[in-house]
> 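Got a structure here, written out as structure tokens. Questions coming.
These figures come from a predicted structure and were not determined experimentally. Below, chains carry the letters A, B, ... as their sequence lines are ordered, and counting in each starts from 1.
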There are 2 protein chains.
Amino acid sequence: MKKIILIYGASLAVLVFLLKYLEYQFFAKDLALEFYLAVIAMLFTGLGIWAGFRLTRPKGVVIKMSADFVFNERELERLGISKREHEVLEWMAKGLSNQEIADKLFVSLNTVKTHTSNLFLKLEVSRRTQAIQKAKELSLIP
Amino acid sequence: MKKIILIYGASLAVLVFLLKYLEYQFFAKDLALEFYLAVIAMLFTGLGIWAGFRLTRPKGVVIKMSADFVFNERELERLGISKREHEVLEWMAKGLSNQEIADKLFVSLNTVKTHTSNLFLKLEVSRRTQAIQKAKELSLIP
DNA sequence: CTTGAAATCATCCTTTCGGGTGAAGGCTTT
DNA sequence: AAAGCCTTCACCCGAAAGGATGATTTCAAG
């Protein structure tokens with residue numbers, strides 16, 4: 001923010017200087033008024049465009065609550081992912097550990113590990129973070 | 001786009017008309033040159049701001065391929081996440097292991113581990129999958 | 001009834017993660 | 001100069017994850 005103010009201040013200073021110089025030229029060398037005006041107009045138009053550019057840049061806080069998720073059943077079938085595996089995948093994507101998923105689904109840790117292993121094979125990945133990524137790309141999960 | 005051009009053209013026409021009127025007043029009523037200049041400057045600054053606004057906010061007609069992700073710098077600052085940590089976060093979200101990230105950034109595995117640990121503290125999570133999730137919610141990463 | 005897929009659980013072993021702690025060098029601010 | 005943050009790296013330890021393999025049960029389809 002400080003930077004912007006500095007740049008703006010500097011620009012203004014330069015502009016004022018230019019204007020004064022042009023004003024001098026105007027009276028000294030009898031330049032056409034139109035030329036003088038054109039230069040001023042262009043300069044301030046440029047300044048305005050720049051200012052508008054800065055002003056319209058939101059710089060943050062855009063929260064999107066898109067709920068437009070269409071479940072891709074074809075991909076599921078194509079990859080041969082079973083219902084249970086898909087369930088595990090969903091919990092995995094929510095950041096749960098294998099143990100926590102096991103507790104959620106009332107099965108043993110080993111079972112979840114088996115499911116995750118199979119998932120990794122079917123999704124052709126080797127880590128859960130990659131699995132989540134790929135699953136989202138394929139619209140297997142929201 | 002045609003609309004914008006039309007409006008811009010119309011505005012220019014009006015401005016020119018105004019200028020000519022002012023020019024007449026200038027010579028006829030002996031207004032101060034400074035006043036004349038100030039009016040011109042303000043007008044064109046306003047025009048520029050409007051143009052900049054239009055240019056940066058196409059509002060529709062532009063085909064945007066990339067996802068509408070607006071980087072949330074405020075959250076980053078609020079959470080006190082450094083540039084390097086954010087960088088690690090990005091690679092983490094792409095499914096890379098700590099070792100792979102270390103290779104990408106040309107630092108040691110230990111360094112990456114330090115960054116991830118700090119990230120987990122700052123994001124108030126305990127697993128990388130959760131960190132990725134939270135970072136996405138906060139628009140820290142696409 | 002047999003076959004096969006799905007779901008369940010297990011064991012063994014290796015790699016990766018996560019947590020804790022410490023520390024050195026660089027850069028900025030006070 | 002001193003304080004503070006960032007970045008870098010190190011070591012240790014336990015927990016979690018991943019890979020390989022095998023086994024049992026259930027259930028639907030051939």
> Figure out the CD1/P separation between B:Ile101 and C:dT16, and round it to whole Å.
13 Å
> Contact between B:Phe120 and B:Arg128 at the side-chain level, heavy atoms closer than 4.5 Å - yes or no?
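SC-SC contact between B:Phe120 and B:Arg128 confirmed.
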> Is A:Arg78 salt-bridged to A:Glu73, cutoff N-O under 4.0 Å?
no
> In this structure, how many angstroms lie between the C1' atom of C:dA7 and the CD1 atom of A:Ile81, rounded?
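It is 16 Å, rounded to the nearest whole Å.
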> Kindly check if the number of other-residue, nucleotide or ligand heavy atoms within 6.0 Å of NZ (B:Lys104) is above 12?
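No, not enclosed.
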> Rounding to a whole Å, what distance do you find between A:Glu77:CD and C:dA6:P?
11 Å
> Is it true that a side-chain atom of B:Glu75 and a backbone atom of B:Asn72 form a donor plus acceptor pair closer than 3.5 Å?
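Not confirmed, B:Glu75 side chain does not pair with B:Asn72 backbone.
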> Quick one: does any side-chain atom of A:His86 pair with a main-chain N or O of A:Ile81 as donor and acceptor, under 3.5 Å?
no
> Counting N and O atoms only, with roles assigned by atom type, does the side chain of A:Gln130 sit under 3.5 Å from a partner on the main chain of A:Ser126, one being a donor and the other an acceptor?
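Pair found, side chain donor or acceptor close to backbone of A:Ser126.
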> Between A:Thr114 and A:Ser117, do the side chains contain an N or O donor and an N or O acceptor separated by less than 3.5 Å?
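No - no donor-acceptor pair under 3.5 Å links their side chains.
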> Would you call B:Glu100 and A:Arg127 a salt bridge, taking side-chain N to carboxylate O under 4.0 Å as the test?
yes
> What string of B, S and - do you get for nucleotides 24-30 of chain D 5' to 3' if you count protein non-hydrogen atoms under 4.0 Å?
-------
> Find the distance between CG (A:Leu89) and NZ (A:Lys136) and round it off to the nearest 0.5 Å.
10.0 Å
> Can you check salt bridge (Lys or Arg N to Asp or Glu O under 4.0 Å) on B:Glu87 and B:Arg84, steps first, answer last?
CA-CA 5 Å; B:Glu87 207 169 345; B:Arg84 204 58 162 167; 3.2 Å; yes
> Quantified as the angle between the terminal helix axes (five pairs each), what is the overall bend of the helix from C:dC1-D:dG30 to C:dT30-D:dA1 to 10 degrees?
50°
> Mark up nucleotides 7-20 of chain D, 5' to 3', with B wherever a protein heavy atom is under 4.0 angstrom from a base atom, S wherever such an atom reaches only the sugar-phosphate, and - elsewhere.
SBBBB-----BBS-
